[in-house]
Amino acid sequence: MTIGIAGGGAFGTALGVALARDGRDVQVWARDVAAVAQMQANRANARLPGVTLPDEITISAVLDPLFACDTLLLAIPAQALVPFLQDHSARLAGKVLVACCKGIDLQRMTGPASTIRDLVPDAQAAVLTGPSFAADIARGLPTALTIACADDATGMMLQQMLSTPTLRLYRTTDIIGAELGGALKNVMAIAAGVTIGAGLGDSARAALITRGFAEMQRLVGQLGGQADTLRGLSGLGDLVLTCTSEQSRNYRFGVALGAGQAFDATTTVEGAATARALQQLALDLGIDLPICTVVADLTMGRTDVKTALHALLSRPLKEE
Ligand SMILES: NC(=O)C1=CN([C@@H]2O[C@H](COP(=O)(O)OP(=O)(O)OC[C@H]3O[C@@H](n4cnc5c(N)ncnc54)[C@H](OP(=O)(O)O)[C@@H]3O)[C@@H](O)[C@H]2O)C=CC1
Ligand SMILES: O=C(CO)COP(=O)(O)O
């Protein structure tokens, strides 16, 4: 059975490499014809320097081979998921669709699995999330992820299909907790980066991560996710990784923001749009999400670091 991967960026390619190295046939689709030709010719992806693509990976800019697969990993950015699903809903019906992106859609205010369920109701939706940098996966470094699927039998099938000796999948049926953990940790990583970029120190970052986790718990509880899920790989695990590593694009974006420096606009930074979605969701639901709100305002240029910091530090003192 061939595993289909939509998206030839860092993560889609890294997953393909790990699976192919363990003997699976992998079909990658990427939209950029020139980039696909280059990947085919060089057996490499510029977004994963130093990694050779195994022979078991086939890459194409044509969609037909992708849609011939029964299980598809959707490794395109969160804001690209809706148009992709809308454009291809008929050909995606009946398939197992594993969202590999981390974010909340700005228009629909839904996480990736909920978006799949809404737009392709005949598909089985799952989420692959948790602490993992594409470069680490592609290098074969040990990595543990969460596979979330409401149908546990499908979840078990995916757990077997997508685990390798170095890529270890844990399973949950709490798809809401898993997708929200992945989306929210990117926003917190931007905020953690801001604290460091602005020179506020490691203690401030630790406080930020902890209060960010409290914010994550509040929202996940309200939206029907489980606290246990958030304490696992998809929540705490990914929060810690992304808020403390220079490998994270969200964190590096935050550092640049805090230091008042420019950042490459072509880099995928999921937390920026997700912060805006969460700011709106907080208003709609009447939930207090102060860090998400500040990150949304900062990334939109509606406030500066000094004012944002003051807004967070001048909140009423309360019990932890
Ligand atoms: N990189 C990582 O370490 C990890 C990433 N993730 C998640 O994976 C998702 C993808 O990230 P990543 O692969 O790193 O990002 P990249 O920027 O490396 O790649 C994104 C890929 O998506 C494609 N793409 C963008 N927009 C569209 C669209 N509208 N239709 C079709 N394809 C599109 C890009 O194509 P093009 O080049 O033509 O723009 C590119 O192939 C994100 O949600 C991220 O949070 C999760 C865990 C780890
Ligand atoms: O999700 C990731 C690690 O788990 C990757 O984080 P960035 O998108 O911030 O690079």
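For ligands, and for the atoms within them, numbers begin at 1 and follow the listed sequence.
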Whether the side chain of [X] engages the backbone of [Y] through a donor-acceptor N/O pair (distance < 3.5 Å, no angle test) should be reported.
X: Ser245; Y: Thr242; value: no
X: Gln226; Y: Gly177; value: no
X: Glu56; Y: Gly23; value: no
X: Gln38; Y: Arg43; value: no
X: Gln279; Y: Asp297; value: no

*Over 60° means perpendicular and under 30° means parallel, so classify the ring planes of Phe84 and Trp29, tilted if in between.*
tilted
_Looking at every heavy atom in both Val127 and Ala113, which two are closest together, and how far apart are they?_
CG2-CB, 3.5 Å
Between the protein and ligand 2, which nitrogen or oxygen pairs come in under 3.5 Å, and how far apart is each?
from     : atom 1 : to     : atom 2 : distance (Å)
ligand 2 : 1 (O)  : Lys102 : NZ     : 2.7
ligand 2 : 1 (O)  : Lys185 : NZ     : 2.8
ligand 2 : 4 (O)  : Lys102 : NZ     : 3.0
ligand 2 : 4 (O)  : Gly130 : O      : 3.3
ligand 2 : 4 (O)  : Ser132 : N      : 3.1
ligand 2 : 4 (O)  : Ser132 : O      : 3.3
ligand 2 : 4 (O)  : Asp238 : OD1    : 2.6
ligand 2 : 4 (O)  : Asp238 : OD2    : 3.4
ligand 2 : 8 (O)  : Arg249 : NE     : 3.4
ligand 2 : 8 (O)  : Arg249 : NH2    : 3.0
ligand 2 : 8 (O)  : Asn250 : ND2    : 3.3
ligand 2 : 9 (O)  : Ser248 : OG     : 2.7
ligand 2 : 9 (O)  : Arg249 : N      : 3.1
ligand 2 : 9 (O)  : Asn250 : N      : 3.0
ligand 2 : 9 (O)  : Asn250 : ND2    : 2.8
ligand 2 : 10 (O) : Arg249 : N      : 2.9
ligand 2 : 10 (O) : Arg249 : NE     : 3.1

_Distance-only donor-acceptor check, side chains Asp22 and Thr164, under 3.5 Å_ = no
*asked:* Can a side-chain donor-acceptor contact be found between Asn45 and Thr13 if the only test is distance below 3.5 angstrom?
replied: yes
*So which residues, sorted by chain and number, lie with a heavy atom under 4.0 Å of ligand 1?*
Gly8, Gly9, Ala10, Phe11, Trp29, Arg31, Asp32, Arg47, Ala75, Ile76, Pro77, Ala80, Cys100, Cys101, Lys102, Ser132, Phe133, Ala134, Arg249, Thr268, Glu270
